[in-house]
S.K.: 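Below is one structure. I have some questions about it.
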Amino acid sequence: MAATAETRQQVEDMSGEYKYGFVTDVEMDMAPKGLSEEVVRFISAKKNEPEWLLEWRLKAYKSWLKMDEPDWAKVNYPKIDYNDMYFFAAPKSMDKPKSLDEVDPELLRTYEKLGSPLREQAVLAGVEGAPRVAVDAVFDSVSVATTFREELKKSGVIFMSFSEAVHEHPELIKKYLGSVVPQRDNYFAALNCAVFSDGTFVYIPKGVRCPMELSTYFRINAENTGQFERTLIIADEGAYVSYLEGCTAPMRDENQLHAAVVELIMLDDAEIKYSTVQNWYPGDKEGKGGIYNFVTKRALCKGKNSKVSWTQVETGSAVTWKYPSCILSGDNSVGEFYSVAVTNNYQQADTGTKMIHMGKNTRSRIISKGISAGKSQNTYRGLVKVLPGADNVRNYTQCDSLLVSSESGAHTVPYIEVKNPTAQIEHEATTSKISEDQLFYCRARGFGEEEAVAMIVNGFCRDVMQHLPMEFAVEAQKLLGISLEGSVG
Amino acid sequence: MTKQLIEAYASQAESLHGILAGMDDVRTSAMSSFLEQGFPGTKNEEWRYSDMRAFHKKHFELVSGKSGIAIPEPLGDYCARFVFINGRYDEESSDIGQVWKDISIRPLANHFMANESRVDELIKGSDSVSLLNTALMRDGLVLSIPSNVGIGRPIEILHVMDGSDNAAAHVRHVIELGEGSSVSIIERFVGDDSAYWTNSVLQARITENAKLRHIRVQEEGANALHTAKAYVNLGGGSEYICTNVALGGAMSRFDANVRILMDGAQATVNGVALAATGQSHDMHTHVSHLSGNAVSEQVFRTIADSRGTTSFQGKVTVAEDAQRTLANQSFKALIFDKTAQANAKPELEILADDVKCSHGATVGQLDDKAIFYLTSRGIDPETARQMLVSAFVAEALEKVDFDDVKTSLMGRIASWMLERNADKGTGG
Amino acid sequence: MLKINDLHVSVENTAILKGVNLEVKAGEVHAIMGLNGAGKSTLANTIAGRDDYTVTSGTVDFFGKNIFDLEPHERVGEGLFLGFQYPVEIPGVSNLNFLRTALNSIRKYRGQDDMSAADFMKLIRAKADQLGMAPDMLKRFVNVGFSGGEKKRNEMVQMAVLDPKFAILDETDSGLDIDALKTVAAGINAQRRDDTAILLITHYQRLLNYVQPDVVHVMIGGKIVKSGGKELAAELEEKGYAEVA
């Protein structure tokens with residue numbers, strides 16, 4: 001944990017750029033460097049896990065050893081040395097906090113600085129009438145605090161760290177863990193299954209509309225450390241929840257790996273709205289450092305009339321590899337994917353979705369907006385698949401790419417596979433340059449060049465941004481502007 | 001591939017040594033590249049929708065001779081007709097028509113005899129079927145149009161197969177258009193019911209302000225496999241207009257590889273595919289804009305009925321320097337049956353910023369509202385569907401500039417619909 | 001000519017028509033007026049044979065035949081014409097091809113030979129001219145890129161060419177400016193003869209200033225609640241549906 005003061009100074013000097021690049025100085029408990037069966041056992045032991053979960057991890061680890069890192073995405077990065085990183089890092093003070101009072105004050109300050117205070121009174125002390133958001137804060141490998149738990153408990157909502165849930169609700173974990181994303185689904189998912197450290201567990205009981213927004217704030221802090229968290233959300237019959245996810249990391253010269261797995265399950269008439277603002281450290285102007293964001297997110301609309309909506313604003317990470325998907329298995333279920341991906345400097349993003357239509361009368365909608373600036377590469381990759389038994393499927397897809405610089409790339413790779421004669425699938429895509437006329441018009445009204453670009457980009461993304469919860473949308477809008485700074489001229 | 005298969009193909013290439021002057025080394029190297037990669041499986045992204053299973057098991061042999069199959073009527077009025085039977089030029093059934101002044105048309109063999117250096121201009125390819133074509137080509141047409149010569153009526157190149165179940169023909173056509181010249185060719189493929197394989201490659205160099213119209217009509221026999229590739233290089237202000245019509249065969253695949261090398265060129269690649277009774281038609285395009293101020297258009301319409309599969313993978317790439325590029329792509333598929341399938345992968349890869357590129361893809365059925373509107377004017381449902389299908393397909397045949405050819409093609413599409421209806425016995 | 005007897009129709013399990021009775025004789029023009037959702041268009045679509053309209057009970061007798069025994073195109077062969085409220089666009093099919101196929105289909109149904117191309121062209125040019133349609137519109141795709149007025153004019157040209165015995169015009173007057181309205185009225189009046197009948201479905205009295213109906217019906221809640229002479233239309237315009245009905 002060296003040079004934190006220096007880093008902080010750097011952050012201040014570059015105010016307006018990556019604001020979250022500071023490092024928190026806490027003492028850490030780390031697993032031995034590298035990946036082996038011992039490390040998997042170490043993590044499991046650290047978390048005091050039951051035998052079945054250790055077995056589950058080891059099985060995943062063995063599968064992972066035999067798998068290949070995927071190479072089909074339009075991203076380039078040096079080969080990752082899995083033996084040169086730490087797979088587990090937890091603040092030492094964090095062994096067993098019983099309440100927020102026991103949490104290291106340094107950590108509390110960190111989350112305050114990130115704009116996500118953990119003290120409930122601090123949340124309430126804000127603007128009167130501001131919506132309340134319950135937060136699970138994940139710091140490197142462990143959940144450090146979960147707010148509003150008691151209040152949520154009253155309505156039967158379970159909201160806690162994944163590690164706690166393993167002990168408190170083993171029957172739910174056993175039933176659903178890996179049921180949407182199988183261990184061997186892909187290389188990074190298998191890796192996550194072996195070494196996942198913590199994450200968030202949510203269960204919304206039958207007929208309950210979760211009384212507040214739930215959120216997880218992910219923070220990578222330690223050096224040379226990967227973050228491997230799991231999120232598991234189950235919405236029982238007729239339940240509803242809106243879940244938000246935010247991510248940041250310090251500015252470091254070396255790349256760090258983030259390989260998460262998110263599984264959502266919806267039973268009959270249930271609905272989950274999942275929003276992400278991903279702002280991991282993207283690396284510097286020369287493309288040095290930044291997070292490798294290799295994430296598997298999938299929703300299973302198991303019940304009839306269920307609905308899932310993914311909304312993502314992706315501005316961070318050096319490399320993004322992420323396809324939040326919907327398996328529409330219940331009849332009349334609905335899947336939505338709304339995405340904004342901004343890349344600048346040397347960032348690379350390969351992101352999109354899969355809509356797998358299995359049930360009858362299932363519908364899906366995809367709106368994707370990609371903005372490429374600097375020397376970045378931005379790819380939309382998606383699949384719409386209709387299986388033979390899925391009658392009367394409807395899909396509408398729109399993918400637009402905006403090029404802000406002449407050295408960046410915008411790519412669109414949609415797959416459409418239809419095996420039913422009653423399906424109606426419609427896909428549209430455009431790629432164009434940011435309009436000189438619009439820019440000039442804004443300039444003539446007194447906007448600075450970067451302001452003008454930010455303005456136009458925000459307009460371009462409107463169809464997606466309006467699906468974010470209000471308080472998130474404002475943040476995300478600012479973030480778009482910040483991400484594009486230095487992209488003009 | 002099995003060891004036997006490898007040996008068999010290797011010895012095929014060897015057996016052709018000495019047949020085309022200067023080709024021996026080219027054959028050897030193409031064959032060794034082919035043997036290294038073998039035939040693609042479905043895991044291969046570019047071949048994901050092509051059913052190549054037959055190739056992995058079966059050994060296709062070169063054949064010669066002919067059994068006197070009837071040569072079909074031409075599609076329309078032509079100015080010359082070149083017939084290839086089982087992959088070999090057949091002078092007897094060809095009709096060169098008139099004396100060609102200044103224009104060089106000759107079989108591939110003579111071409112190489114005349115000038116060995118022409119071998120360097122051959123496109124060797126990198127995918128397995130192009131490599132095999134390079135290794136095993138024996139015949140084809142070489143067509144050079146001098147500068148500023150325009151030929152009005154199309155030249156029909158007819159490929160006829162009446163071989164055995166293992167017969168293969170690897171034909172290579174080489175087309176060169178001088179500055180400001182223009183020519184139209186119709187490549188047609190027919191055959192008997194045996195399970196033969198046609199593997200054709202056409203390479204065209206279209207120099208400044210020249211124009212090539214290329215109509216492909218694939219009406220192979222019911223059990224045939226058909227793989228084909230067109231490599232087209234476009235010079236400044238030149239134009240390439242391709243229409244591919246896939247009707248026959250058990251499995252067919254056409255790859256159009258079009259490169260815009262100089263400013264101001266125009267490329268149009270359109271296609272129609274009708275698949276039923278276990279047929280699969282796969283159409284690929286890759287239009288690379290390597291230079292700016294160019295326009296590319298793609299319109300594809302496909303219909304899949306019982307156990308038929310139609311697939312389209314269309315890629316447009318725009319290089320960094322290819323500013324002011326306009327590229328448009330439209331794919332629409334109809335599916336008429338529960339056992340039918342349609343796949344599409346329209347892809348954009350853009351590295352320049354001053355561009356306008358778009359693609360649209362739809363998969364669905366005929367519009368119910370339109371059918372009702374037609375029937376409410378007294379038209380029976382079967383005719384109504386027929387009219388809508390014709391209208392749907394016609395969008396992709398718009399660039400077939402010869403009315404008689406277009407009428408022949410529309411007639412084939414109409415009879416396909418009638419056959420489909422008759423097969424189902426539903427009349428609608 | 002057309003006799004509707006206690007007709008009940010539902011759409012997606014919701015009852016829309018709840019016992020409609022109506023008789024139209026040769027030489028008559030009837031107008032059905034009513035607010036949105038009264039069931040006017042449902043009546044038109046049911047008679048024309050559109051899918052999704054389920055007849056739960058009742059009969060429609062057309063020239064002595066049960067109309068529900070006939071396919072939609074067979075009804076046209078018997079002499080029915082439906083003018084659409086929203087004419088459908090059909091890309092790729094030209095107006096000429098469309099009309100010629102339709103006319104010959106009807107002739108075939110009636111056991112007549114196809115009309116020769118020359119006679120057809122003569123007929124269609126005359127009708128287009130009569131209704132002020134530019135000749136090049138005939139070559140364009142059916143309704144594609146047509147304005148609202150042009151689409152309705154095209155409906156009138158189709159009616160004139162196909163020459164039905166009984167025409168139902170579903171809100172053909174809606175959304176038209178005064179010139180287009182006059183064109184539509186001219187089309188209707190030209191089709192008005194001793195051996196034909198017309199059923200106008202409309203919201204407003206406006207069209208009835210140009211086409212004088214013999215009988216006016218008021219439809220509310222899926223039933224005809226009042227019938228009368230042309231003065232009923234004026235009364236509706238003045239007092240509104242609530243008071244008149």
Side-chain angles (χ1 to χ4, degrees), chain A residues 71-74 370 372-436, chain B residues 43-45 48-49 303-306 308-368:
Chain A
D71 59 359
W72 42 260
K74 218 175 171 54
S372 322
K375 296 184 166 82
S376 68
Q377 300 293 329
N378 199 326
T379 303
Y380 167 83
R381 188 182 302 276
L383 167 68
V384 175
K385 188 168 188 156
V386 180
L387 296 176
D391 292 339
N392 303 315
V393 164
R394 298 289 176 269
N395 159 268
Y396 175 75
T397 302
Q398 190 188 334
C399 297
D400 297 317
S401 302
L402 190 68
L403 289 147
V404 180
S405 81
S406 58
E407 288 169 292
S408 59
H411 317 295
T412 315
V413 194
Y415 293 75
I416 301 167
E417 300 180 1
V418 184
K419 296 188 179 179
N420 186 295
T422 58
Q424 298 253 13
I425 308 301
E426 206 176 323
H427 171 101
E428 285 172 40
T430 63
T431 303
S432 56
K433 188 188 174 179
I434 190 160
S435 154
E436 297 285 353
Chain B
K43 284 264 165 66
N44 183 324
E45 191 56 32
R48 165 182 186 102
Y49 300 122
I303 305 176
D305 204 338
S306 59
T309 301
T310 64
S311 304
F312 169 69
Q313 284 201 39
K315 190 173 186 178
V316 173
T317 56
V318 180
E320 258 169 73
D321 300 329
Q323 297 292 4
R324 290 169 300 283
T325 288
L326 292 177
N328 221 322
Q329 200 184 55
S330 156
F331 170 79
K332 291 184 183 171
L334 295 176
I335 305 187
F336 285 169
D337 192 84
K338 282 229 165 205
T339 56
Q341 186 176 345
N343 302 309
K345 185 187 169 199
E347 191 173 347
L348 294 171
E349 196 175 309
I350 318 272
L351 294 167
D353 70 326
D354 193 358
V355 299
K356 273 209 173 100
C357 300
S358 65
H359 65 227
T362 65
V363 179
Q365 311 77 44
L366 290 174
D367 181 2
D368 282 345

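Numbered from 1 within each chain, the chains take letters A, B, ... in sequence-line order.
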S.K.: Chain A: which of B/Thr362, B/Ile350, B/Asn343 shares the most heavy-atom pairs with it under 4.5 Å?
M.R.: B/Ile350
S.K.: So for B/Ala352, is it side chain, backbone, both, or neither that comes closer than 4.5 Å to the heavy atoms of chain A?
M.R.: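 B/Ala352 touches chain A through backbone heavy atoms alone.
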S.K.: Considering all heavy atoms of both residues, which atom of B/Lys345 and which atom of A/Val413 are nearest to each other, and what is their separation?
M.R.: CE-CG1, 3.4 Å
S.K.: How far does OG1 of A/Thr412 sit from CD of B/Glu349, to the nearest 0.5 angstrom?
M.R.: 10.0 Å
S.K.: Considering non-hydrogen atoms only, spot the tightest contact between B/Leu351 and A/His411 and give its length.
M.R.: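 Scanning both residues, the minimum pair turns out to be CD2-CE1, 3.9 Å.
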S.K.: Write out, in numerical order, the residues from residues 329-341 of chain B with a heavy atom short of 4.5 Å from a heavy atom in chain A.
M.R.: B/Ile335, B/Phe336, B/Asp337, B/Lys338, B/Ala340, B/Gln341
S.K.: Select, from A/Val393, A/Leu403, A/Ile416, the one with the greatest count of heavy-atom pairs under 4.5 Å involving chain B.
M.R.: A/Ile416
S.K.: Contact part of A/Ser401 toward chain B, heavy-atom cut-off under 4.5 Å: side chain, backbone, both or neither?
M.R.: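 Neither part.
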S.K.: Between B/Glu347 and A/Lys74, is a salt bridge (Lys or Arg N to Asp or Glu O under 4.0 Å) present by the stated rule, with each step listed?
M.R.: CA-CA 13 Å; B/Glu347 191 173 347; A/Lys74 218 175 171 54; over 6 Å; no
S.K.: Using every non-hydrogen atom in the two residues, find where A/Lys433 and B/Asp353 come nearest and quote the distance to one decimal.
M.R.: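 Smallest interatomic distance, heavy atoms only, reads CB-O, 2.8 Å.
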S.K.: Can you tell me which of B/Ser358, B/Gly364, B/Ala344 forms the most heavy-atom pairs within a distance under 4.5 Å of chain A?
M.R.: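 Top option by heavy-atom pairs under 4.5 Å: B/Ala344.
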S.K.: Using non-hydrogen atoms only, which part of A/Ser406 is less than 4.5 Å away from chain B: side chain, backbone, both, or neither?
M.R.: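 Answer is both: backbone and side chain atoms of A/Ser406 are under 4.5 Å from chain B.
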S.K.: Where on B/Glu45 is there a heavy atom nearer than 4.5 Å to chain A: the side chain, the backbone, both, or neither?
M.R.: side chain
S.K.: Tell me the residues of residues 373-391 of chain A whose non-hydrogen atoms fall below 4.5 Å from those of chain B, in number order.
M.R.: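 Hits under 4.5 Å: A/Gln377, A/Pro388, A/Asp391.
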S.K.: A/Pro414 and B/Pro346: which non-hydrogen atoms are nearest, and at how many Å?
M.R.: CD-O, 2.6 Å
S.K.: Could you tell me whether a side-chain N or O of A/Gln424 sits under 3.5 Å from a main-chain N or O of B/Val363, the two making a donor and an acceptor?
M.R.: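 Not a single qualifying donor-acceptor pair exists.
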